[in-house]
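Okay, structure first, notes after.
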Amino acid sequence: MTDTAFKPYDAKCYDRLFEKFQYLFEAELIDEICRFGKVTRFPAEHVIIDLGDKITNMPLVINGSVRIMTEDEEGRELLLYYLELGDTCAMTLNCCSRATKSNIRAITEEPCEIIMVPVEYLDIWMVKFKKWRNFVLESYNTRLNEMLEAIDNLAFHNMEDRIIKYLRDKAMVLGDEKLKITHFQIARDLNSSRVVISRLMKKLEDAGELEQSRNMVKVKL
DNA sequence: ACATTAAGTGATT
DNA sequence: AATCACTTAATGT
């Protein structure tokens, strides 16, 4: 116990992390995450990482969910994927090692607890912990697949399908089939226009696929 | 009652 | 599927 000087050892923090990550990481790694990382609470809709930000910390989600978006030159947004418990951002992993800037935006979907780990530990842990190595590889893998899915969805499915998928995904990560959302917000996440969404939403409602009222959508799962 | 914001619609490209 | 122009409906002050 010589290198605990940075921060007083926090047994409570350790216990909490251990409970969440025991299947993912070895105890010693959890101990280091606990010691070097900083647990942070974010309110809903908080921008954790924005485009062009220099990445100094990597986020590890303890609870809540985060959505990852890109934006094109004209400022049009597109939802890529969600981060949940035990997820980290593959983009961050990529940026860290080469000190590049973020090409994504990470926004909390609901109030979140996230542990921020300084990026310099990533490399150290890569050689030190087998489970960390697996975790990073695994993250790359799943994110890559999700990206493929996102592209597939974009290229081969019509807007109607995309809306349904979007709503179901969202209901899933938030764990609530009733979503507090406007047509305008949906349009922004899918990079479409409000009018188009309203039309299709009406159609979907008539077809019995969903229920909606002002600021509320309920999807059939 | 009035203003503001969300949602619905026809016509056009 | 997008945009325009306009209507209607819901909600806050």
Side-chain angles (χ1 to χ4, degrees), chain A residues 40-53 59 61 63-85 87 89-92 94 101-114 141-221:
Chain A
T40 322
R41 282 171 198 279
F42 294 105
E45 298 300 316
H46 179 86
V47 178
I48 300 172
I49 297 170
D50 208 342
L51 278 92
D53 279 3
V61 180
N63 60 50
S65 51
V66 178
R67 66 173 186 272
I68 308 295
M69 342 248 317
T70 1
E71 195 176 78
D72 69 6
E73 311 79 49
E74 279 96 62
R76 289 178 300 212
E77 289 189 310
L78 181 67
L79 175 71
L80 292 180
Y81 52 78
Y82 291 101
L83 257 40
E84 294 174 87
L85 167 66
D87 285 338
C89 184
M91 286 302 179
T92 307
N94 179 45
K101 296 194 168 159
S102 173
N103 37 23
I104 50 92
R105 174 178 292 150
I107 308 174
T108 56
E109 185 84 0
E110 51 190 329
C112 285
E113 230 178 336
I114 293 169
N141 202 327
T142 57
R143 294 307 118 164
L144 190 61
N145 281 329
E146 274 172 327
M147 296 282 270
L148 279 180
E149 206 183 305
I151 293 172
D152 175 83
N153 191 32
L154 195 63
F156 304 117
H157 295 307
N158 56 34
M159 194 45 92
E160 209 169 308
D161 292 343
R162 290 179 61 204
I163 292 175
I164 289 287
K165 193 169 164 12
Y166 166 84
L167 293 172
R168 286 191 179 143
D169 272 7
K170 196 163 181 107
M172 208 68 90
V173 300
L174 291 177
D176 189 354
E177 53 178 2
K178 266 189 182 167
L179 299 170
K180 188 182 176 302
I181 196 169
T182 66
H183 292 180
F184 181 71
Q185 291 173 290
I186 299 172
R188 288 216 337 185
D189 284 349
L190 296 180
N191 192 0
S192 178
S193 68
R194 201 274 306 164
V195 196
V196 170
I197 300 298
S198 289
R199 280 222 167 82
L200 294 171
M201 288 292 282
K202 190 82 203 351
K203 200 173 154 198
L204 289 167
E205 188 182 20
D206 292 344
E209 296 282 331
L210 52 84
E211 287 172 46
Q212 59 172 349
S213 56
R214 193 187 168 96
N215 292 320
M216 196 282 290
V217 178
K218 196 168 135 193
V219 234
K220 289 232 171 75
L221 297 174

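Because the structure is a prediction, the values reported are computed rather than measured. Note on naming: letters A, B, ... go to the chains in the order of the sequence lines (proteins, then strands), and numbering restarts at 1 for each one.
Across A:Tyr82 and A:Asp87, no two heavy atoms sit closer than the pair O-OD2, 4.1 Å. For the residue pair A:Lys170 and A:Ile181, the shortest heavy atom distance occurs at CE-CD1, 3.8 Å. Heavy-atom minimum distance, A:Asn103 versus A:Thr70: O-CG2, 3.5 Å.
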Could you write out DNA chain C as a dot-bracket string, with dots for unpaired bases, | for bases paired across to another strand, and Watson-Crick or G-U pairs counted at under 3.5 Å? |||||||||||||
All N/O donor-acceptor pairs, side-chain side in residues 211-221 of chain A, below 3.5 Å, sequence neighbours left out:
residue: A:Gln212; atom: OE1; partner: A:His183; partner atom: NE2; Å: 2.8
residue: A:Gln212; atom: NE2; partner: A:Glu205; partner atom: OE1; Å: 3.1
residue: A:Lys220; atom: NZ; partner: A:Gly208; partner atom: O; Å: 3.1

Donor-acceptor contacts under 3.5 Å from residues 185-196 of chain A side chains, at least two apart:
residue: A:Gln185; atom: OE1; partner: A:Thr182; partner atom: N; Å: 2.9
residue: A:Gln185; atom: OE1; partner: A:Thr182; partner atom: OG1; Å: 3.3
residue: A:Arg188; atom: NH2; partner: A:Glu77; partner atom: OE1; Å: 3.2
residue: A:Asp189; atom: OD2; partner: A:Tyr166; partner atom: OH; Å: 2.6
residue: A:Arg194; atom: NH1; partner: A:Ser198; partner atom: OG; Å: 2.9

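Residues A:Glu149 and A:Lys165 meet the side-chain proximity criterion, which asks for heavy atoms closer than 4.5 Å.
At a threshold of 4.0 angstrom between heavy atoms, the contacts of A:Thr182 are confined to the sugar-phosphate backbone, with no base atom among them.
With a cutoff of under 4.0 Å to any heavy atom of chain A, the contacted region of DNA chain C is bounded 5' to 3' by C:dA1 to C:dT11. For DNA chain B, the outermost nucleotides in 5' to 3' order that have an atom under 4.0 Å from a heavy atom of chain A are B:dT5 to B:dA11.
For A:Thr108, the side-chain hydrogen bond (donor to acceptor under 3.5 Å, both in side chains) test picks out no residue, with sequence neighbours left out.
The CE atom of A:Met159 lies 10.5 Å from the CG atom of A:Asp161; values are rounded to the nearest 0.5 Å. Expressed to the nearest 0.5 Å, how far CG of A:Leu79 lies from CG of A:Asp169 amounts to 8.0 Å.
Checking side-chain atoms of A:Glu110 against main-chain N and O of A:Ser65 turns up a donor-acceptor pair under 3.5 Å.
A residue-by-residue look at A:Arg199 and A:Ser213 shows that A:Ser213 has its nearest nucleotide of DNA chain B further toward the 5' end.
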